[in-house]
Amino acid sequence: MIKQQITEKLEEIIGKYAKEKGIENFVFSVEEPPKNIDADFAVNAAMLLAKRIKSNPRIVAAEIIDLILRDLSGFVDKAEIAGAGFINLHLKNEVLFNELEKILSAKDKYGSKESNNKEKIMVEFVSANPTGPLHIGHGRGAAIGDSLSRVLKHLGYDTTKEYYLNDVGNQMLVLAESVRVRYLQLKGDDIPFPADHYQGDYIKDTAKRLIAEGKNIDEIDFKKEAVKDILATIESDLKDFAVEFDNWFSEGKIAFDKDADGKTEVDKSCEYLLSKGDAYAQDGALWLASTKFGDDKDRVLKRSDGRYTYLASDVAYHKNKFERGFTKLVNLWGADHHGYVARINACVQMLGFSKETLKVILYQLVSLVRNGQPVAMSTRTGEFITLKEVIDEVGKDACRFFFLLRAPDSQLEFDLELAKKQSSENPVFYVQYVNARCNSIFRESKSRTDITENADLSLLNTNEERVLIKKLAAFCDTLSVCEKTMSPHHFTAYLIELADIYHKFYEKCRVLSDDSALTSARLKLIEAVCVIIKNGLDMLGVCAPEKM
RNA sequence: GCGCCCAUAGCUCAAUUGGAUAGAGCGUUUGACUACGAAUCAAAAGGUUAGAGGUUCAACUCCUCUUGGGCGCGCCA
């Protein structure tokens with residue numbers, strides 16, 4: 001929270017200065033300088049402002065520094081010009097000690113805001129068709145979506161996690177038929193299984209269950225039975241992955257459920273678009289005029305045979321989201337759906353919302369490799385690696401951490417053999433080890449009677465301790481970067497860096513020593529480390545065990 | 001053919017959205033446990049950020065082109 005504080009104060013001081021020079025709404029940034037620079041924060045305002053007012057950056061910097069030293073003497077020890085005109089700030093140690101106190105008193109609430117009423121956010125993710133178990137690619141979407149939601153919740157946003165269930169459409173008919181054929185085969189009928197139907201064993205499992213239940217074939221709703229089993233599997237796999245949804249939204253609800261007038265939500269949203277002139281009839285079909293909002297062609301909503309397309313449902317679904325009061329929609333889609341972004345963006349604007357209301361996060365697909373050979377990932381052939389298999393092999397924590405190590409838009413190669421080996425080499429253990437080490441010290445410290453709760457934190461004055469406290473405070477900065485970029489992957493990098501700093505501190509500064517006052521202070525410091533490590537791992541949905 | 005994404009150390013990836021000498025893990029080389037956990041630390045090696053131009057005080061980051069890879073272009077979902 002230090003950086004935010006300083007930034008706000010600098011914005012006030014420098015903003016006023018810029019205004020005097022005739023520049024309104026001057027924007028600059030406060031950054032962490034590179035490691036070789038001895039300073040806590042770097043400000044680039046002088047370079048940017050000098051350009052605007054056609055002056056020398058170093059002259060501008062000198063004037064700003066005077067103002068900083070005058071108005072921020074409680075925070076800043078030293079301010080100096082460096083390089084092309086950076087203003088480097090050195091913080092007073094008291095600022096760091098105060099922040100440490102804040103972490104210790106706020107604990108898991110550190111960096112959180114009680115309520116942030118700016119937005120009511122829906123994060124929709126996974127949303128895999130209920131035609132088979134989740135595969136590894138869904139795992140990536142699940143990890144990103146769930147962690148992003150955790151970050152947004154921590155920041156005080158009213159956040160809802162939703163799974164959109166595509167339980168309507170052709171693939172459902174194929175699914176039902178797949179189970180029916182397996183059922184008949186198990187009953188002894190010598191009939192072939194169609195090559196384009198779902199091949200997986202889970203289809204046979206459902207068929208077996210139906211036979212065991214002894215129902216007459218005429219009484220069986222094969223679609224319903226298959227979806228029931230598959231959903232149970234999906235839900236259980238997600239639970240093992242520490243992902244729980246606030247809501248499961250069935251496409252059937254908007255496609256089949258009718259109101260008093262006998263209309264579905266899909267009917268009504270199409271009528272709405274027609275009335276607004278955003279949909280039109282042509283060639284016997286109903287079209288969405290998505291080119292009006294930047295799509296490269298118009299799209300069919302209702303086929304000439306009278307059946308709605310998937311898009312029609314999706315329009316109604318997004319309309320429904322808005323009707324539920326959401327002001328910000330986040331959709332996580334696999335990159336193979338990117339062609340769909342333009343039309344759904346158009347649809348959001350037709351519904352009267354700005355383009356920015358919807359944020360589609362495309363995550364690149366995971367390509368699987370086993371023994372150097374690419375593994376195909378088709379649900380229909382049955383040759384896929386499920387999320388469950390990977391969790392069973394490498395563990396939930398390592399798996400989530402691995403997925404969150406990468407930015408969503410970078411392609412990711414997942415080597416199954418490598419993943420197995422990583423059980424002791426994965427960076428997640430490096431981070432978790434910090435918590436284990438701290439707790440080991442806590443256990444050891446229990447036998448001491450000279451420890452005081454009111455430790456004098458100002459004794460924490462080595463360089464290692466200073467660097468460590470600064471990094472702890474940067475937890476808040478990481479939160480805001482994740483918020484700004486709508487991606488939680490910055491937390492893995494942050495935690496690895498924090499762990500690195502902690503392990504260095506551990507080697508250099510012994511916590512339990514003959515010096516009671518210093519021991520007490522350092523125990524407080526590592527208590528804060530545990531708070532931040534736990535909070536950070538919690539953002540990722542990863543555990544922080546006390547023993548490993 | 002058109003469109004979207006990507007290309008960074010031997011490998012897998014970061015880089016605070018335009019900042020200073022581009023960082024981690026794995027792998028390689030060398031060293032450190034008779035005090036809190038060696039799942040650790042210290043040190044070394046490893047880069048023309050695919051290539052070429054351009055914008056800028058400042059470019060891995062923005063623009064143009066080239067090359068290479070992934071994905072998408074249906075009255076499928």
Side-chain angles (χ1 to χ4, degrees), chain A residues 3 29-37 42 44 47-48 50-51 56-57 82-86 88 129 131 166 168-172 251 283-287 296-297 299-311 313-314 334-342 362-365 367 402 405-415 418 421-434 436-445 474 477-478 480-482 484-485 489-490 492-494 496-497 499-500 502-504 506-513 519 522-523 526 547-548:
Chain A
K3 185 173 165 186
S29 63
V30 178
E31 285 143 7
E32 202 178 317
K35 284 175 184 168
N36 58 313
I37 304 286
N44 64 359
M47 292 178 290
L48 297 174
K51 187 183 162 95
N56 183 326
F86 284 101
N88 287 341
N129 288 347
T131 53
N166 299 126
V168 175
N170 283 337
Q171 85 277 8
M172 288 293 105
E251 184 183 354
D283 304 331
L286 182 68
W287 296 74
D296 51 4
K297 56 178 112 163
R299 311 287 171 174
V300 172
L301 287 168
K302 195 179 198 176
R303 303 181 187 92
S304 45
D305 65 6
R307 286 151 56 229
Y308 286 112
T309 62
Y310 174 79
L311 177 62
S313 288
D314 229 15
D336 53 338
H337 288 76
H338 70 77
Y340 209 76
V341 175
L362 295 173
Y363 56 92
Q364 295 294 319
L365 301 186
S367 54
F402 189 89
L405 222 33
R406 282 85 172 127
D409 58 4
S410 73
Q411 285 158 227
L412 166 57
E413 188 174 280
F414 200 107
D415 189 312
L418 197 69
K421 270 198 296 189
Q422 273 180 340
S423 55
S424 67
E425 294 162 3
N426 195 295
V428 68
F429 294 97
Y430 183 72
V431 175
Q432 289 176 322
Y433 187 49
V434 172
R437 267 187 153 176
C438 288
N439 277 283
S440 179
I441 297 175
F442 294 146
R443 286 192 292 274
E444 193 71 20
S445 72
D477 306 337
T478 308
S480 55
V481 171
C482 291
K484 206 180 342 175
T485 59
H489 79 280
H490 301 94
T492 52
Y494 169 74
I496 290 169
E497 286 165 17
D500 185 43
Y502 173 78
H503 290 311
K504 285 182 168 78
Y506 181 93
E507 295 293 324
K508 209 74 178 271
C509 306
R510 198 180 153 74
V511 175
L512 303 175
S513 68
T519 299
R522 285 187 171 162
L523 280 170
I526 65 170
K547 286 184 182 177
M548 295 167 67

Using a cut-off of 4.0 Å on non-hydrogen atoms, how would the nucleic acid contact of [X] be classed: base, sugar-phosphate, or nothing?
X	result
A/Y506	base
A/N88	base
A/I526	nothing
A/A42	base
A/V511	base
A/C482	nothing

Distance from [X] atom [atom1] to [Y] atom [atom2], nearest 0.5 Å?
X	Y	atom1	atom2	result
A/L405	A/I496	CG	CD1	5.0 Å
A/L286	A/S304	CG	OG	11.5 Å
A/Y340	A/L311	OH	CG	4.0 Å

Which residue lies more 5' along RNA chain B, comparing A/F86 with A/S440 via nearest heavy atoms: A/F86

Base-pairing string, 5' to 3', of RNA chain B - Watson-Crick or wobble, under 3.5 Å, | interstrand: (((((((..((((.....[...)))).(((((.......))))).....(((((..]....))))))))))))....

Separation of atom NE2 in A/H503 from atom P in B/U40, rounded to whole Å: 6 Å

Length of the CZ-C1' vector between A/F429 and B/C41, whole Å: 20 Å

Among B/G19, B/U16, B/C36, the nucleotide that comes nearest once only the side chain of A/M47 is considered: B/G19

Sidechain N-carboxylate O distance under 4.0 Å for A/R299, A/D296: yes

Set of salt bridge (Lys or Arg N to Asp or Glu O under 4.0 Å) partners for A/R510, sequence neighbours left out: none

Salt bridge (Lys or Arg N to Asp or Glu O under 4.0 Å) partners of A/K504, counting only residues at least two apart: A/D500

Below 4.0 Å: OP1/OP2 of B/C41 and any side-chain N or O of A/Y430: yes

A/K35 vs B/A24: side-chain N/O to OP1/OP2 distance below 4.0 Å: yes

Which atom pairs link the protein and nucleotides 42-44 of chain B when you take only N or O atoms and keep those under 3.5 Å?
unit_1 : atom_1 : unit_2 : atom_2 : d
B/A42  : OP1    : A/K504 : NZ     : 3.4

Audit row: A/T492, A/V431, side-chain contact (heavy atoms from CB on, under 4.5 Å) steps and yes/no: CA-CA 9 Å; A/T492 52; A/V431 175; over 6 Å; no

Anti versus syn assignment for B/U49, with syn defined as within 90° of 0: anti

Sequence-aligned protein contact record of nucleotides 8-14 of chain B, with B where the base is within under 4.0 Å of a protein heavy atom and S where only the sugar-phosphate is: ----BSS

Annotated protein contacts, base or backbone, on nucleotides 72-77 of chain B with a non-hydrogen cut-off under 4.0 Å, one of B, S, - each: SS-BSB

Between B/A39 and B/C33 - P atom distance, rounded Å: 15 Å

